[in-house]
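Here the structure is laid out as structure tokens; the discussion comes afterwards.
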Amino acid sequence: MQTLTPAVFWAQRHGEIYLRVEISDAKSLDISVQENILHFRGQGHGAKGENEYEFSLEFLKPVKPEIKHKSTQRQVNITVRKQEHCWWDRLTMQEKKPLFLAPDFDRWLDESDAEMELKEKGYLFMYNLVQFLGFSWIFVNMTVRLFILGQDSFYDTFHTIADVMYFCQMLAVIEVINPALGLVKTGMMPAFIQVTGRNFILFVIIGSLEEMQNKPVVFFVFYLWSAIEIFRYPFYMLACIDTEWKTLTWLRYTIWMPLYPLGVLAEAVAVIQSIPIFDESKFLSIRLPEAMGSFLSFSYVLQLYLLLMFLGLFFNFRHLYKLRRRKFRTKKRKAN
Ligand SMILES: CCCCCCCCCCCCC[C@@H](O)CC(=O)SCCNC(=O)CCNC(=O)[C@H](O)C(C)(C)COP(=O)(O)OP(=O)(O)OC[C@H]1O[C@@H](n2cnc3c(N)ncnc32)[C@H](O)[C@@H]1OP(=O)(O)O
């Protein structure tokens, strides 16, 4: 087996260097940084078939000696952290670019685009942090009250929690705007269904009817909503700083399985319980001309909403299932 030099692609951010080494099914990898020189050695399938591959790169400026690498079926991805947070004019100490090195146009950004990306990540991090603090407060508060007061805590959930829930759910409208602005790589529809669905329950069904506010169902709706969010938002926060905690990823992409149907069930119970109250109070009902009867009851809208809810559940359940499969399938592939 001869030793060859693989094709290497690179891109940078202010804090990191990304290298992509074009070897598939790489084995026996030995990658290290010594005296600011990256040494790569490994076996795998490259442009000239199954061979031993190696290369060295002396970096332009100091880097941290600890590197991260992931071998996938198609390539080896290496992340090297810069010692100082700054933009480099080129990758290597030598001015002439080595022949095996080329820009990675899949990840390539120029300095101003990289600065913009940094600002976007900062904004998303802050948004997720605020939501995480809000939902954690809700979840912890409700749990503590459940332990201290037992079932009595079911009846005044709304009066203790509503202000923070209003704040978090109003802020969550941003989640529909983010994909529209291209700030997150996901579709608008799943977020729209979730935010609209929750806000309808919160502001119309519970918030506008005093008779609903001391019903135990409010406890279940709020508890189920916050139970997923205390995992989802820290997962996003870590993603903003390019960090992953495997247990958290697993929880974010798994616990929706019981929580989502239970959440929709609790919301459906709230809607059903509100129907006689809307009917009786005529609140939000439309007064009709006398010839057509007295009122067009809001309960017709609620019955239609119950149907939409289960369509929404089906749509988002399928979406979450696909996300989960994609997440764990790529993980398994990367691990091989
Ligand atoms: C015309 C009128 C229509 C009216 C419709 C009314 C229908 C009503 C239906 C009601 C159903 C809703 C019921 C619901 O309220 C019940 C509950 O919530 S019960 C509690 C349990 N709930 C859940 O488990 C769902 C929680 N929500 C979610 O999981 C998401 O919000 C979801 C809606 C599924 C959208 O997820 P998304 O598509 O964004 O997927 P990812 O999370 O994987 O994100 C994709 C990538 O983008 C990155 N990302 C996304 N958001 C952020 C962010 N804020 N900050 C940073 N990064 C973000 C994420 O990291 C992913 O990147 P990568 O792939 O690189 O990891």
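Every number for a ligand or one of its atoms is a count from 1 in the order of the listing.
Residues Phe59 and Ile37 are not in side-chain contact: their nearest non-hydrogen atoms beyond the backbone lie 4.5 Å or more apart.
Not less than 6.0 angstrom separates the ring centroid of Tyr53 from the ring centroid of Phe40. Ring to ring, Phe203 and Tyr166 are close: their centroids are under 6.0 angstrom apart. The distance between the ring centers of Phe154 and Phe220 falls below 6.0 angstrom. Aromatic pair Phe283/Phe298: ring centres not closer than 6.0 Å.
Counting atoms of ligand 1 from 1 in the listed order, those under 4.0 Å from a heavy atom of Gly263 are 19 (S). Every atom of ligand 1 with a heavy atom of Val264 under 4.0 Å away is listed here by number and element: 13 (C). Residue Pro190 approaches ligand 1 through these ligand atoms, each under 4.0 Å from one of its heavy atoms: 33 (C). Contact atoms of ligand 1 toward Tyr253: 41 (P), 42 (O), 43 (O) (distance under 4.0 Å to a heavy atom of the residue). Counting the atoms of ligand 1 from 1 in the order shown, those under 4.0 Å from a heavy atom of Ile193 are 9 (C). Remark: ligand 1 atoms within the under-4.0 Å shell around heavy atoms of Trp256 are 24 (O). Interface of Thr186 with ligand 1, defined as ligand atoms under 4.0 Å from a residue heavy atom, comprises 37 (P), 38 (O), 39 (O), 45 (C).
Proximity of Lys327 to ligand 1 is established by a heavy-atom distance of less than 4.0 Å. Ligand 1 lies within reach of Tyr305, whose nearest heavy atom is under 4.0 Å from it. Residue contact check for ligand 1: Phe125 places no non-hydrogen atom closer than 4.0 Å to it.
Closest approach of Ile255 to Ala227, counting heavy atoms only: CD1-O, 4.0 Å.
Glu244 contributes no side-chain N or O that, together with a main-chain N or O of Thr249, makes up a donor-acceptor pair within less than 3.5 Å.
Looking at His319 next to ligand 1, an N or O pair under 3.5 Å apart turns up.
Looking at atom 58 (C) of ligand 1, its nearest protein heavy atom turns out to be Val184 CG1, 3.4 Å. At the shortest separation from atom 30 (C) of ligand 1 among protein heavy atoms lies Arg232 NH1, 3.5 Å. The nearest protein atom to atom 23 (C) of ligand 1, hydrogens excluded, is given as Tyr260 CD1, 3.1 Å; this is a heavy-atom distance. The protein atom (non-hydrogen) at minimum distance from atom 55 (N) of ligand 1 is Asn128 ND2, 2.9 Å. In this structure, atom 3 (C) of ligand 1 lies nearest to the protein heavy atom Phe192 CE2, 4.1 Å. At the shortest separation from atom 34 (C) of ligand 1 among protein heavy atoms lies Leu320 CD2, 3.5 Å. If you check which protein heavy atom lies closest to atom 60 (O) of ligand 1, you get Tyr236 CD2, 3.8 Å. For atom 21 (C) of ligand 1, the closest non-hydrogen atom of the protein is Ile228 CG2, 3.5 Å.
Between Glu267, Gln194, Lys121, it is Glu267 that holds the heavy atom closest to atom 13 (C) of ligand 1. In the candidate list Arg252, Arg198, Glu244, Lys185, Lys185 is nearest to atom 46 (C) of ligand 1, counting heavy atoms. Nearest to atom 20 (C) of ligand 1 by heavy atom, out of Leu124, Leu224, Val221, Asn178, is Leu224.
Note that CD of Glu120 and OH of Tyr123 are 9.5 Å apart. Values are rounded to the nearest 0.5 Å.
Of the charged side-chain nitrogens involved, at least one lies within less than 4.0 Å of a carboxylate oxygen, so that Glu52 and Arg41 count as a salt-bridged pair. Checked for salt-bridge contact, Arg145 and Asp152 miss the test: no charged N lies under 4.0 Å from a carboxylate O.
Ring pair Tyr223/Phe219 is parallel by interplanar angle, where below 30° counts as parallel and above 60° as perpendicular.
Of the candidates Trp245, Tyr253, Trp256, Trp250, Phe235 forms a ring-ring contact (aromatic ring centres under 6.0 Å, His included) with just one, namely Tyr253.
Shown here is Asp113, whose CG atom has more than 12 heavy atoms of other residues, nucleotides or ligands within 6.0 Å.
A donor atom on one side chain and an acceptor atom on the other are not found under 3.5 Å apart for Asp104 and Tyr18.
For atom 32 (C) of ligand 1, no protein non-hydrogen atom is found at a distance below 4.0 Å.
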